[in-house]
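Data block below; observations after.
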2 protein chains.
Amino acid sequence: MVTGGARAGAHKYLAVRAYLADLVTTELAVGDAIPSERSLTEKFGVSRMTVRQAIDALVTEGVLERAQGRGTFVAPPRADFEMRLTTFGEEARRRGLTPGATVLRCEELPAPAPVAEALDREVGTPVHHVVRLRTADGNPMSVEESWIPVDLAPDLLEDGVPDSLYAALRERGLDPSWGEELITAADGTPEELESLQMQTSRAVMRTARRTFGGDAAVMYSRASYRGDRYSVFVPLREARPTLVPRTRPAEPGAETGRPAQPGRIPEGSPR
Amino acid sequence: MVTGGARAGAHKYLAVRAYLADLVTTELAVGDAIPSERSLTEKFGVSRMTVRQAIDALVTEGVLERAQGRGTFVAPPRADFEMRLTTFGEEARRRGLTPGATVLRCEELPAPAPVAEALDREVGTPVHHVVRLRTADGNPMSVEESWIPVDLAPDLLEDGVPDSLYAALRERGLDPSWGEELITAADGTPEELESLQMQTSRAVMRTARRTFGGDAAVMYSRASYRGDRYSVFVPLREARPTLVPRTRPAEPGAETGRPAQPGRIPEGSPR
DNA sequence: CACATCATGAGGTCTAGACCAGTCTTCGTG
DNA sequence: CACGAAGACTGGTCTAGACCTCATGATGTG
């Protein structure tokens with residue numbers, strides 16, 4: 001059973017949700033119908049609204065599809081439909097490759113302007129700075145540079161550079177929960193081309209990423225990937241208009257108390 | 001009033017939803033609280049579950065944020081938080097540029113293998129083929145190649161190439177509703193470099209996109225953007241595990257009736 | 001003055017029904 | 001046998017309450 005995380009004492013809709021999640025992953029295939037809402041009502045001894053709350057959650061996640069008059073069905077996996085905050089290591093393993101890393105640099109320094117801006121900090125704020133060569137099955141894939149404010153994780157690099165910076169941040173209660181990334185293509189610099197052992201082609205894919213935990217920026221990172229070995233898959237949603245909140249009129253003295261708005265990602269050289 | 005689309009006779013939760021949407025766009029700023037659920041209950045003479053249904057919808061869309069014990073607030077615009085199916089023209093205008101296009105080629109031909117695969121059709125199926133140079137404020141930005149099955153829109157190119165292929169498809173009832181894109185970086189070919197008037201740098205960003213309307217692939221397109229003038233912004237969500245339905249055991253004779261599963265995007269040269 | 005307590009009011013979960021609106025099957029009837 | 005109506009499903013919307021947890025500000029006390 002995959003009921004994990006929703007023990008008996010917990011909320012009832014979570015129990016129903018866990019049951020359905022288990023059904024989907026172990027019993028049903030794409031297109032199959034789940035039990036009707038009324039039958040789940042009896043099975044769990046809960047009201048229909050509670051059953052619907054459980055199903056609603058899975059419909060929102062894209063796992064199920066409702067069809068009035070017919071039933072509720074297992075939805076086809078639409079890729080992910082959202083880019084995820086994954087790490088190089090996770091990505092590599094997902095593709096069946098063995099990730100590796102060589103630390104090229106590891107230091108603490110005052111944040112230069114572009115880094116400070118990306119992290120919503122003052123210029124000169126102490127930051128950890130790590131440069132690594134990332135490999136997959138031993139082949140160089142990218143040169144990756146990361147900056148993390150020292151005050152968020154003072155002991156981050158005490159035992160050397162951790163395999164996964166994200167995992168290390170998570171251990172310190174700084175869950176990376178969302179981010180934004182800017183992707184460009186460029187000719188690699190001579191140093192990059194050498195590190196990546198690129199001979200004939202010169203094109204690299206550059207990414208600049210801001211990672212947020214809650215409302216605070218916890219990490220800024222830049223990477224250059226071998227253009228001939230790396231690609232990004234982006235699922236696209238329909239372009240429907242979005243509600244835009246009214247912009248607050250200038251009110252001197254008014255504090256929004258909402259830091260870390262998404263915005264421009266600095267691209268300029270951080271050194 | 002922005003109540004449009006939710007007339008009095010319609011569902012009550014839509015009336016509440018429309019009221020809140022109007023509030024957000026005309027009265028409230030980011031971080032402001034909306035009226036409490038119980039006060040909305042009285043204002044509209046509906047039950048609390050109905051009010052919650054309206055709020056839930058806006059929370060799911062990312063417009064509002066709940067906070068137990070405190071209230072429900074206007075959420076900061078997290079970029080889009082999903083890549084959208086936009087066209088070159090829309091993107092350019094959004095960035096304040098004037099889009100332009102020069103048709104380099106326009107023909108009908110039998111689909112080569114990679115194109116046929118991308119469109120879920122037989123090799124040789126007749127497809128429209130359009131190659132255009134896209135400009136912004138007169139500057140070359142990308143070379144874009146599109147393939148569309150002829151049977152979906154036989155008269156698509158009768159009056160010349162339309163400004164927007166997406167708009168032309170929409171007019172024929174083929175709403176592009178989702179898609180998937182593969183992004184790579186590469187050295188531009190000599191022809192690309194000449195079309196794009198690239199002198200010093202050679203890196204281009206290549207995209208290969210499958211566009212779907214409903215469950216059928218309606219268009220396959222490939223584009224090469226000037227690496228020094230183009231970038232892609234990608235919002236990233238938290239990396240939480242996704243439910244994967246059980247794979248259907250081989251059942252000869254069983255029909256899923258579910259075409260157009262997302263999958264690999266062909267990258268090889270289509271000519 | 002500082003701090004613990006408590007009342008208030010916010011959202012979170014849940015019930016036991018109701019009627020509406022599609023879909024599909026089944027069973028007469030012509 | 002063909003076809004249409006009826007019934008038996010499905011999910012969609014909605015009510016009028018209930019009790020819970022959590023955040024906050026007022027209040028009283030040491």
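Lettering follows sequence order; numbering is per chain, from 1.
Per the geometry, CD belonging to B:Q53 stands 15 Å off P belonging to C:dG12, to the nearest Å. Between B:L40 atom CG and C:dG11 atom C1' the separation is 13 Å, expressed in whole Å. D:dG11 atom P lies 14 Å from atom CD of A:E65, rounded to whole Å. Whole-Å rounding puts the A:L20 CG to D:dG11 P distance at 11 Å. In this entry the distance linking OH of A:Y13 with C1' of C:dG12 reads 8 Å, nearest Å. Rounded to an integer number of Å, the gap from B:H11 NE2 to C:dC19 P is 18 Å. Atom CG of A:D56 is separated from atom P of D:dC14 by 14 Å (rounded to the nearest Å). As rounded to whole Å, 15 Å separates atom C1' of C:dA21 from atom CZ of A:R66.
Between atom CZ of residue A:F88 and atom CD of residue A:E90 there is a gap of 12.0 Å, rounded to the nearest 0.5 Å. Atom CD1 of residue B:I55 and atom OG1 of residue B:T60 lie 11.5 Å apart, to the nearest 0.5 angstrom.
Under the 3.5 Å distance criterion, with hydrogens and angles disregarded, no donor-acceptor pair is assigned to the side chains of B:T86 and B:Y166.
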(message) As a quick check of understanding, evaluate side-chain contact (heavy atoms from CB on, under 4.5 Å) for B:L169 and B:L152, giving each step before the final call.
(response) CA-CA 9 Å; B:L169 289 173; B:L152 291 181; 5.8 Å; no

(request) Please lay out, stage by stage, how B:E37 and B:R52 fare under the test salt bridge (charged side-chain N to carboxylate O under 4.0 Å, His left out). (result) CA-CA 7 Å; B:E37 297 180 353; B:R52 283 182 65 83; 3.0 Å; yes

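Consecutive Watson-Crick or G-U pairing (both distances under 3.5 Å) extending over three or more pairs maps onto DNA chain D as C:1-30 with D:1-30.
Look at A:E42 and A:R38 and you find no salt bridge, because none of the NZ, NE, NH1 or NH2 atoms lies under 4.0 Å from a carboxylate O. The residues A:R70 and A:E65 are annotated as not salt-bridged, no charged nitrogen and carboxylate oxygen being separated by less than 4.0 angstrom.
In this structure, B:R52 does not reach the C:dG11 phosphate: none of its side-chain N or O atoms is under 4.0 Å from OP1 or OP2.
Not a single donor-acceptor pair under 3.5 Å links the side chain of B:S39 to the backbone N or O of B:P35. Checked by atom type and distance alone, the side chain of B:H128 pairs as donor or acceptor with a backbone atom of B:A153 at under 3.5 Å.
When each of B:Q53, B:E61, B:H11 is tested with B:R17 by the rule side-chain hydrogen bond (donor to acceptor under 3.5 Å, both in side chains), just one qualifies, namely B:E61.
Listed candidates were C:dT13, D:dC14, C:dT15. Nearest to the side chain of B:K12 is D:dC14.
Within a heavy-atom distance below 4.0 Å of DNA chain D, the residues of residues 41-50 of chain B found are B:G45, B:V46, B:S47, B:R48, B:M49, B:T50.
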Could you pull out the protein-nucleic contacts involving nucleotides 3-10 of chain C (nitrogen or oxygen on both sides, under 3.5 Å)?
from, atom 1, to, atom 2, distance (Å)
C:dG9, N2, B:G69, O, 3.3

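The shortest side-chain heavy-atom distance between B:L40 and B:L20 falls under the 4.5 Å cut-off.
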